[in-house]
Amino acid sequence: MATTARFLAAVLAIAACACLPAAAAFDVPTVAFDEGFSPLFGDGNLVRAADGRNTRLLLDRRSGSGFISSDYYLHGFFSASIKLPRDYTAGVVVAFYLSNGDVYEKTHDELDFEFLGSRWGGQWRVQTNVYGNGSTSRGREERYLLPFDPTLEAHRYSILWAPTHIIFYVDDTPIREVVRHPAMGGDFPAKPMAVYATIWDGSAWATEGGKYKVNYKYAPFASDFSRLSLAGCPVADPSSSALLRLPRGGAGGSGCDLLGLMTADYAVVTPQRRAAMRAFRARQMTYTVCYDAARYAAGPFPECDNSDEERRAFWAWGESRTVVMKTRGRGRRGRASRAAAAGAAARARTSMASS
C-alpha cells in the first residue's frame, strides 16, 4: 500500500507540472467497431456503416439498441463522437457509460453520460453520474445544458477514469472532475468496467420527472456514434480479485500503461482547463448534488469543492437559480420541422448503411 501511495504521489507531481493549452486536441487512437465492440441488444436497430467505424442506434416501438466493448478495463480514457436525435425527443435517453453491473449485480460501479431528450428539438440535457460499489442510493448526479445544438453535428464526449480522479469532457473541455477522497471509501469506482452505448425509452423519468413520454409518431429516433476510443487497461477476468491486466496492445492500441495514462494530456486539468471548466459549469449546469441539502441533509459528499459564493447560485434542492432551459414556441416553423422529420424517419435505417 505504501508503494502504491508513493507511485500515485509521484504521478500527480508529474501531472501538476504539465502546462498544455486548453484548446489542444487529444491525440487518442480510434477503433473500428469490430475491433473493440459487439452488439448488445436491438438486432436491426443497430446499424453499422460500410466503413466499419460509424454506428447508428435506433429506438422505435419495438426496441431500443446498444453495444458493449469486447473487453473490461481497469482505468482508462474512453471517448465517442455522438450526434443526438432531432425534433421531439421527450423521454428518449441516449447513454455512453462504463459499468460492471452484469458482473457485480449488487456492488456495481458506473460512470455515465446520459443524454435526456426534450419537447423542443436540440435542447437536450446531459447528466453525469458516479457510482461505486453499488452506491446508487447515494447518487452523485449533475445535469447541464449544452452550449450548442447536439443534433446538428457530432460532438465528442469522454470519460477519464484514473485511480485518483475522474474527469468528464465535452469536446476537450472538462465539465466535471471528481477527485478521490479517502472518505469516499467504496463509492469511488474501483472494479473493471465495460464501455456501453445505448438508446432506450426513459419515459418514466427522463423529461421533467416523467411528465412527458416518448411519442413514437416521431420514431425512429436515431443517434450516431463515431470516433470510438478505448485507451485503457483491459483485464483478463473482471470478476477475479487478482485483476490480471492483459498485455499491451489491446483494443485502442494503448494496452496497460498506467503511468502513461495518468500523465497524458487528457488526465491533467491545467489552469487553463480549470478556468474553462468553471466557466462551463457557471453557464450550463442546471443541477449538482453538491448543493442538494434537501436530498442529503447531512452535508455534501467529501469530494465536493463547494464555496459560499457558488452556493448562492443554487436552490437548497441543488437546482440552479439562473441556468434554466428556455421554452420554444410551436409556430409554423415547428410544425414544418415535424412534418419534415416524419418524412425522414423512413430513411433512417438505410442512410447509415450506405454512408
Side-chain angles (χ1 to χ4, degrees), residues 8 11-28 75-82 95-98 110-115 124-132 140-148 150 154-181 184 188-189 193 195 227 229-232 254 260-291 300-307 310 313-314 320 323:
L8 295 178
V11 168
L12 291 176
I14 295 170
C17 295
C19 293
L20 299 172
F26 300 140
D27 182 16
V28 182
H75 309 121
F77 181 80
F78 309 98
S79 182
S81 289
I82 306 172
F96 177 68
Y97 64 105
L98 283 72
E110 194 167 313
L111 296 171
D112 297 342
F113 269 114
E114 290 179 319
F115 304 91
W124 285 74
R125 289 180 303 153
V126 180
Q127 177 167 284
T128 60
N129 294 329
V130 177
Y131 298 123
R140 287 166 154 84
E141 301 94 338
E142 287 190 346
R143 288 186 289 274
Y144 327 85
L145 302 179
L146 291 168
F148 49 78
H155 289 263
R156 186 161 68 168
Y157 306 90
S158 310
I159 301 172
L160 179 280
W161 173 38
T164 54
H165 62 296
I166 297 160
I167 307 173
F168 293 88
Y169 283 97
V170 173
D171 285 340
D172 301 345
T173 296
I175 67 167
R176 182 180 187 183
E177 181 185 30
V178 178
V179 177
R180 188 172 192 170
H181 190 284
M184 292 181 72
F188 190 91
M193 293 189 279
V195 182
R227 296 176 64 200
S229 295
L230 297 168
S254 62
L261 169 71
M262 295 187 66
T263 56
D265 180 13
Y266 45 72
V268 181
V269 180
T270 63
Q272 298 96 324
R273 287 191 182 132
R274 190 165 301 281
M277 179 171 66
R278 287 173 176 165
F280 180 96
R281 293 169 67 83
R283 297 169 185 164
Q284 309 297 143
M285 187 163 63
T286 63
Y287 170 85
T288 175
V289 71
C290 288
Y291 292 116
F301 289 116
E303 72 275 10
C304 290
D305 183 18
N306 289 0
S307 70
E310 187 180 57
F314 292 86
S320 174
V323 183

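Side-chain atoms are counted along with the backbone in the values below, which use heavy atoms only and exclude waters and symmetry mates. Because the structure is predicted, anything quoted here is derived from the model rather than measured.
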Answer yes or no: is there a side-chain heavy-atom contact under 4.5 Å between [X] and [Y]?
X: P147; Y: Q284; result: yes
X: Y144; Y: F168; result: no
X: T164; Y: M262; result: yes
X: L98; Y: I159; result: yes
X: L111; Y: Y131; result: no

[atom1]-[atom2] distance between [X] and [Y], expressed to the nearest 0.5 angstrom:
X: F26; Y: S79; atom1: CZ; atom2: OG; value: 8.5 Å
X: C290; Y: E303; atom1: SG; atom2: CD; value: 6.0 Å
X: R176; Y: I166; atom1: CZ; atom2: CD1; value: 8.5 Å

Please report the closest heavy-atom contact between [X] and [Y], naming both atoms and the distance.
X: W161; Y: L261; result: O-CD2, 4.0 Å
X: V178; Y: M184; result: CG1-CE, 4.2 Å
X: F280; Y: L145; result: CZ-O, 4.0 Å
X: A267; Y: L160; result: CA-CG, 4.0 Å
X: A162; Y: H75; result: C-CD2, 3.7 Å

Checklist entry - Do the charged groups of R274 and E177 touch, with an N to O distance under 4.0 Å? => result yes
Checklist entry - Would R273 and D265 pass as an ion pair if we require N to O under 4.0 Å? => result yes
Checklist entry - Aromatic ring centroids of F96 and F113 under 6.0 Å? => result no
Next on the checklist: Please report whether the ring centroid of F115 lies less than 6.0 Å from that of Y157.
Outcome noted: yes
Checklist entry - Given F314 and Y287, is the ring pair (Phe, Tyr, Trp, His ring centres under 6.0 Å) satisfied, shown in steps? => result CA-CA 8 Å; F314 292 86; Y287 170 85; 8.4 Å; no
Next on the checklist: Using a 3.5 Å distance criterion without hydrogens, assess whether the side chain of D171 forms a donor-acceptor pair with backbone atoms of R156.
Outcome noted: yes
Next on the checklist: Given 3.5 Å as the limit, does a donor-acceptor pair link the side chain of H181 with the main chain of F188, or not?
Outcome noted: no
Next on the checklist: A cation-pi test, strictly: NZ or CZ of R140 under 6.0 Å from the centre of the six-membered ring of F301 and no more than 45 degrees from its axis. Yes or no?
Outcome noted: yes
Judged by modelled atom types alone, do [X] and [Y] share a side-chain donor-acceptor pair under 3.5 Å?
X: N129; Y: E114; result: yes
X: E142; Y: T288; result: yes
X: R143; Y: T286; result: no

